[in-house]
Amino acid sequence: MSSQPTAAAALTMDRNAAAETARTGYFFWMSALLLTFVLVGFTPTLYLRAFFPVEPVPSYLFVHGGILTAWFTWLVVQTALVRKGNTATHRRLGVIGAIIGVAVVVAGPMAPIGVVGRIHAALDWDADMSAIPELGIQGVTMVQFIAQVVWGNFVSIAVFAGMLVAAVLLRRTPPAHKRLMLLASIVIVGPALARISRWPMLGGEAGPFIPVMMVGLVLSVVAHDLVIARRLHRTTVIGVGVIVLGEIAHQLIARSEFGQSVIRMLG
């Protein structure tokens with residue numbers, strides 16, 4: 001009998017946390033922030049490229065960029081609907097999100113695979129990346145840099161796909177569902193941050209901007225749980241753990257002879 005009040009108290013806490021989350025709009029504002037990163041990062045090379053001195057790019061990159069933009073835009077719409085209490089429309093649009101999510105998984109590897117050949121056409125595998133000054137990278141060979149980029153994207157897409165599947169399966173469990181959707185989206189925002197990091201004051205892709213922002217975004221989910229729910233949600237713990245393991249796997253593979261051999265084969 002003593003477990004009943006405890007269960008009731010836990011249920012009340014979850015309801016209060018859900019209500020507070022709706023009031024603060026955390027998931028909406030985080031989604032809007034991610035979309036802002038994407039829009040800012042890719043404005044010169046995608047959205048407003050006609051106004052910037054950029055080189056021509058293959059058509060598949062426009063498809064890739066359109067799909068990723070659609071995902072982050074859809075996420076903002078969905079979180080806005082939940083914030084307004086329009087859960088019926090939110091559920092109906094969920095099917096569209098699942099389709100876009102599958103497209104993200106399919107289109108995700110397009111850009112990293114394509115960039116291998118494009119950069120290798122201009123640089124030797126062992127050339128120092130300082131030959132491309134806008135990246136802000138020195139003391140790293142081309143194959144080492146490309147291995148980091150390609151394997152980072154591969155692992156990110158794999159983590160995204162796993163979290164997306166879990167989110168769909170847990171769509172009737174809102175606390176888990178919304179955390180998985182947000183964490184999955186954080187995982188794939190790295191390329192946009194990489195573009196922003198090339199701004200002169202941010203130190204380039206070798207600088208601290210990208211890791212600081214990625215860690216900050218993930219920790220914001222942890223902080224949200226501790227402040228709003230006053231405890232870490234199990235989904236947050238598992239999701240953050242998967243992201244950390246993914247990053248470890250990315251680094252190990254990218255630095256290995258196997259990982260760099262794959263890059264050489266792709267080029």
Side-chain angles (χ1 to χ4, degrees), residues 37 41 58 60-61 64 67-68 71 101-132 135-167 180 183-198 203-219 221 237-267:
F37 285 145
Y60 68 82
L61 287 181
H64 170 87
I67 291 172
L68 270 294
W71 171 263
V102 172
V104 169
V105 175
V106 174
M110 286 182 179
I113 291 176
V115 79
V116 177
R118 297 209 313 277
I119 292 186
H120 187 218
L123 292 175
D124 292 333
W125 291 120
D126 297 322
D128 193 281
M129 288 305 298
S130 59
I132 308 179
L135 297 181
I137 300 173
Q138 294 181 347
V140 177
T141 65
M142 196 274 276
V143 70
Q144 291 172 335
F145 170 72
I146 295 299
Q148 287 288 336
V149 172
V150 172
W151 286 108
N153 276 270
F154 283 173
V155 171
S156 295
I157 290 298
V159 173
F160 172 87
M163 288 187 175
L164 177 63
V165 170
L180 286 167
L183 288 170
S185 301
I186 290 173
V187 167
I188 60 172
V189 81
L193 297 177
R195 270 59 177 188
I196 297 173
S197 74
R198 297 173 189 175
E205 294 189 32
F209 177 76
I210 300 173
V212 167
M213 291 304 303
M214 290 297 291
V215 171
L217 291 170
V218 172
L219 288 182
V221 184
V237 175
I238 295 173
V240 172
V242 169
I243 292 173
V244 171
L245 290 176
E247 179 58 25
I248 293 173
H250 155 220
Q251 294 295 334
L252 291 176
I253 297 172
R255 296 177 183 181
S256 69
E257 184 60 36
F258 164 77
Q260 294 180 19
S261 296
V262 171
I263 299 304
R264 294 176 187 273
M265 287 189 294
L266 291 175

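Numbers for residues simply follow the sequence, beginning at 1.
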To the nearest 0.5 Å, atom CG of D126 lies from atom CD of Q144 at 8.5 Å

Only one of L183, I243, V240 passes side-chain contact (heavy atoms from CB on, under 4.5 Å) with V221; say which it is.
L183

Can you give me the closest heavy-atom contact between A147 and Q260, atom names plus distance?
CB-CG, 4.0 Å

Residue pair H64 / A107: nearest heavy atoms and the distance that separates them
ND1-O, 2.9 Å

Closest approach of S197 to A194 (non-hydrogen atoms, all atoms of both residues)
OG-O, 2.6 Å

Beyond-backbone contact of R255 with Q148, side-chain heavy atoms, under 4.5 angstrom
yes

Taking all non-hydrogen atoms of both residues into account, name the closest pair between V105 and A161 and its distance.
CG2-CB, 3.8 Å

Measure the spacing between CH2 of W151 and OG of S256 and express it to the nearest 0.5 Å.
7.5 Å

Check for a donor-acceptor pair, side chain of D128 on one end and backbone N or O of G139 on the other, with a separation under 3.5 Å.
yes

Where do L61 and M110 land on the side chain to side chain contact (heavy atoms under 4.5 Å, CB included) test, with the steps shown first?
CA-CA 7 Å; L61 287 181; M110 286 182 179; 5.6 Å; no

Return the minimal non-hydrogen interatomic distance between M142 and D124, and the atom names on each side.
CB-O, 3.4 Å

Between CD1 on residue I188 and CE on residue M163, distance to nearest 0.5 Å:
11.5 Å

Nearest heavy-atom pair of T141 and W125: which atoms, and what distance?
CB-O, 3.8 Å

Would you say E247's side chain and V244's backbone share a donor-acceptor pair under 3.5 angstrom?
no

Which residues pass the ring pair (Phe, Tyr, Trp, His ring centres under 6.0 Å) test with F145, not counting sequence neighbours?
none

Compare all side-chain heavy atoms of L252 with those of F258 and state whether any distance is below 4.5 angstrom.
no

Counterpart residues, ring pair (Phe, Tyr, Trp, His ring centres under 6.0 Å), relative to F160 (two or more places apart):
W71

Flag side-chain contact, heavy atom, 4.5 Å: N153 against P191:
yes

Could you tell me whether a side-chain N or O of H250 sits under 3.5 Å from a main-chain N or O of V155, the two making a donor and an acceptor?
no

Atom pair CG (L193) and CD (E205), whose distance is rounded to the nearest 0.5 Å:
10.5 Å

Quick one: pull up OG in S156 and CD1 in I186 and give me the separation to the nearest 0.5 Å.
12.0 Å

